[in-house]
Each structure stands twice: as C-alpha cells, then as structure tokens.
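Note sheet for the following structure.
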Amino acid sequence: MAEMTSANPNTHHIVWDWNGTLLDDNHANLAAVNAVCAQFGRDPVEMDHWRTVFRRPLIPCYEELLGRSLSATEWERIEKLYDSSYLEYLHTCELAAGVPDVLHQWAGTGRTQSLLSMATHDHLVPLITERGLNDHFTRVDGRKFDTEHDSKAEHLVHHLEQQGLDPARVVLIGDIDDDARAAREAGAQTVLVASGLMARERLEATGALVVDTPTDAVAAVRRLG
C-alpha cells in the first residue's frame, strides 16, 4: 500500500468524488450495466467482474464488455439506456458509511471541501440539495463539458481554478484510477476508497493511498497536518 507524503503540511482542501465515494450506488450502477448487456445480447455480469473491467474512457470499456466496436449511434443509445436504468434505482442508494458525519468532522477542522463529479451537473446538483449536503461544500461541480480523453483531469483543473485553490494544497478523494490520474495531472494528491467501482488491486496500482471508507480517507488527510 502506498503512503501519502507529508511534504506539504498545509494541505487544507478536500475535493470529494460523488458516485462510489460519498454515495453508495454500486448496485444501481451494476443494474444499469446489465440493462445495457441485455439490450446488446450479453449475459449479465457480477459486481466482482465489473470492478475488474470498469474504467475511463467509457467507450472502450463498454466495447470490451460487449465484445464489439460501437458506433456513435450505439453509444448514444447505451448512454440513454444506462441513465434511465440507473435512475430507476437511484432512490435506493444511501450515503456511504460515515457520511455525512465525516463531512461535519472535516468542516470542524476549519478547513474546506468541495465536490466534483463526472455525473452531469444538472443531474448532480438536485441530488446534493435533496440530501441536505450543500452547506458542506464551497463548490459543487458536475460534468459541464466533454473532453477528448473522457477524464476528470480537465474538470479538476477548472474546479480548482474557479476557487482560486493551489493544487499542491488539495487532496482528491475518489474511488477509481481516473481520480488518481486527474489529481496527478492537476498537481494535487489523492486518496482512493476501495468501496466503489474498481477493485483494490487496480487502485493500488496507481501508487495512491488506498483506504476502505471516506472516514479512513479523511483520517489520512488529517495526518498531513
């Protein structure tokens, strides 16, 4: 397991991921994936298998899953099918263990936190509002634009710039390897939780610190000073 460095003891801002990190929605994601599989003639998959396959960019991920290349029209169909299925299960998704208490605890240190998700902005904001989490965050951003590599990296750079934050004083807490990639490209640090959509060994391969829960992640950040 990798260790976070303490080269910058003034780390003070957390950027939280949403799906799979603060929101326990693995079952909704899997149901949506299997809705896609059913429409494209593929047998359903189990969560353990999906956690070994899932990655960004999403199109090659789904091409591997379905065993075929996808046209632009087919990918648009998959996106709509996935979204509609996911929304059917969204009401059954609870906050991850320790949330929102861990958000209160971090705020109690006098430090700040924000939220950045690759879910669309118009989808994300009502969810945060409905769950009464807005006041915890200095900023909430969902995906507002598409990028060539379908990565969180450019979104993170924009998210930090809009808040005037020094990336060296930021830790991104997420649940997939793209979170680690985004933080690295933006000049921030990362802690990854192993409760989301990616197997622990794949997270550890990024070199980032991997923990079990959001509470553990904040404990790791607090050790920075």
Side-chain angles (χ1 to χ4, degrees), residues 2 4 13-23 25-26 29 32-33 36 50-66 69-72 74-76 78-80 82-83 86 113-125 127-128 137 139-163 165-211 214 217 221:
M4 294 186 67
H13 184 91
I14 289 175
V15 176
W16 290 98
D17 173 56
W18 176 240
N19 302 95
T21 302
L22 292 179
L23 184 69
D25 63 346
N26 284 356
N29 280 300
V33 168
V36 172
W50 184 233
R51 294 179 85 229
T52 68
V53 174
F54 177 75
R55 66 185 185 279
R56 289 186 177 276
L58 289 176
I59 293 177
C61 170
Y62 275 82
E63 288 179 332
E64 177 184 342
L65 174 71
L66 299 175
S69 60
L70 297 168
S71 68
E74 288 174 322
W75 178 244
E76 182 178 354
I78 286 173
E79 286 187 301
K80 291 179 178 178
Y82 181 97
D83 288 347
Y86 177 87
Q113 56 197 329
S114 57
L115 191 149
L116 174 64
S117 173
M118 289 293 278
T120 59
H121 188 72
D122 290 344
H123 164 80
L124 176 69
V125 171
L127 296 181
I128 305 304
F137 305 118
R139 185 179 179 91
V140 174
D141 281 327
R143 179 166 50 84
K144 300 176 182 177
F145 55 88
D146 293 325
T147 62
E148 180 181 355
H149 301 293
D150 188 26
S151 172
K152 186 178 280 186
E154 291 180 45
H155 301 273
L156 178 60
V157 169
H158 180 265
H159 183 76
L160 300 184
E161 287 177 345
Q162 291 299 305
Q163 299 181 82
L165 292 169
D166 176 2
R169 301 178 67 187
V170 170
V171 177
L172 172 63
I173 300 177
D175 72 309
I176 66 172
D177 56 6
D178 186 57
D179 292 308
R181 182 184 308 114
R184 183 170 58 250
E185 293 185 15
Q189 295 194 65
T190 323
V191 179
L192 299 175
V193 294
S195 54
L197 282 181
M198 195 163 279
R200 179 182 283 270
E201 56 268 25
R202 297 178 65 198
L203 300 180
E204 291 176 343
T206 68
L209 175 65
V210 181
V211 298
V221 177

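Note that the numbering runs from 1 along the sequence shown for the chain. Quantities reported herein were computed from a predicted structural model and do not represent experimental measurements.
- Asp17 CG to Leu116 CG: the interatomic distance, rounded to the nearest 0.5 Å, is 7.5 Å.
- Within the model, atoms NE2 of His123 and CH2 of Trp18 stand 9.0 Å from one another, a figure rounded to the nearest 0.5 Å.
- The minimum heavy-atom distance linking Val211 with Ala217 is given by the pair CG2-N, 3.6 Å.
- Although no hydrogens or angles enter the test, the distance criterion places no donor-acceptor pair under 3.5 Å between the side chain of Asp175 and the main chain of Val193.
- When atom types are taken as modelled, the side chain of Arg55 and the backbone of Asp177 share no donor-acceptor pair closer than 3.5 angstrom.
- The side-chain hydrogen bond (donor to acceptor under 3.5 Å, both in side chains) test with His159 is passed by exactly one of His155, Gln162, Gln163, Glu161: Gln163.
- Residues Ile78 and Leu58 fail the side-chain proximity criterion, which asks for heavy atoms closer than 4.5 Å.
- With Leu172 as reference, Leu156 is the one residue of Leu156, Thr21, Val191, Leu160 to meet the side-chain contact (heavy atoms from CB on, under 4.5 Å) rule.
- In this structure, Leu70 and Glu63 approach most closely via the heavy-atom pair N-OE2, 2.9 Å.
- Distance OG1/Thr190 to CG/Leu203: 11.0 Å, rounded to 0.5 Å.
- To the nearest 0.5 Å, atoms CG (Leu197) and CG (Asn29) are separated by 4.5 Å.
- To the nearest 0.5 Å, atom NE2 of residue His121 and atom CZ of residue Arg143 are 12.5 Å apart.
- The shortest heavy-atom contact between Gly20 and Asp25 is N-OD1, 3.2 Å.
- For the pair Gly174 and Asp179, the tightest heavy-atom approach, listed with the atom from each and the gap, is CA-OD2, 3.4 Å.
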Pair Trp50, Leu65 - check side-chain contact (heavy atoms from CB on, under 4.5 Å), show working. CA-CA 9 Å; Trp50 184 233; Leu65 174 71; 3.8 Å; yes
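- Rounding to the nearest 0.5 Å gives a distance of 9.5 Å between CH2 of Trp16 and CG of Leu115.
- Formation of a donor-acceptor pair under 3.5 Å by the Asp178 side chain with backbone atoms of Lys152 is found in this model.
- Taking the centre of each ring, Trp75 and Tyr62 come in below the 6.0 Å mark.
- Under the 4.5 Å side-chain criterion, counting only non-hydrogen atoms from C-beta, Ile14 is in contact with Val221.
- Taking a cutoff of 4.0 Å between a charged side-chain nitrogen and a carboxylate oxygen, Asp83 and Lys80 do not qualify as a salt bridge.
- Summarising the geometry of Asn26 relative to Ser195, their closest heavy-atom pair is ND2-O, 3.0 Å, with the distance given to 0.1 Å.
- Closest approach of His13 and Ser114 over heavy atoms only: NE2-OG, 2.8 Å.
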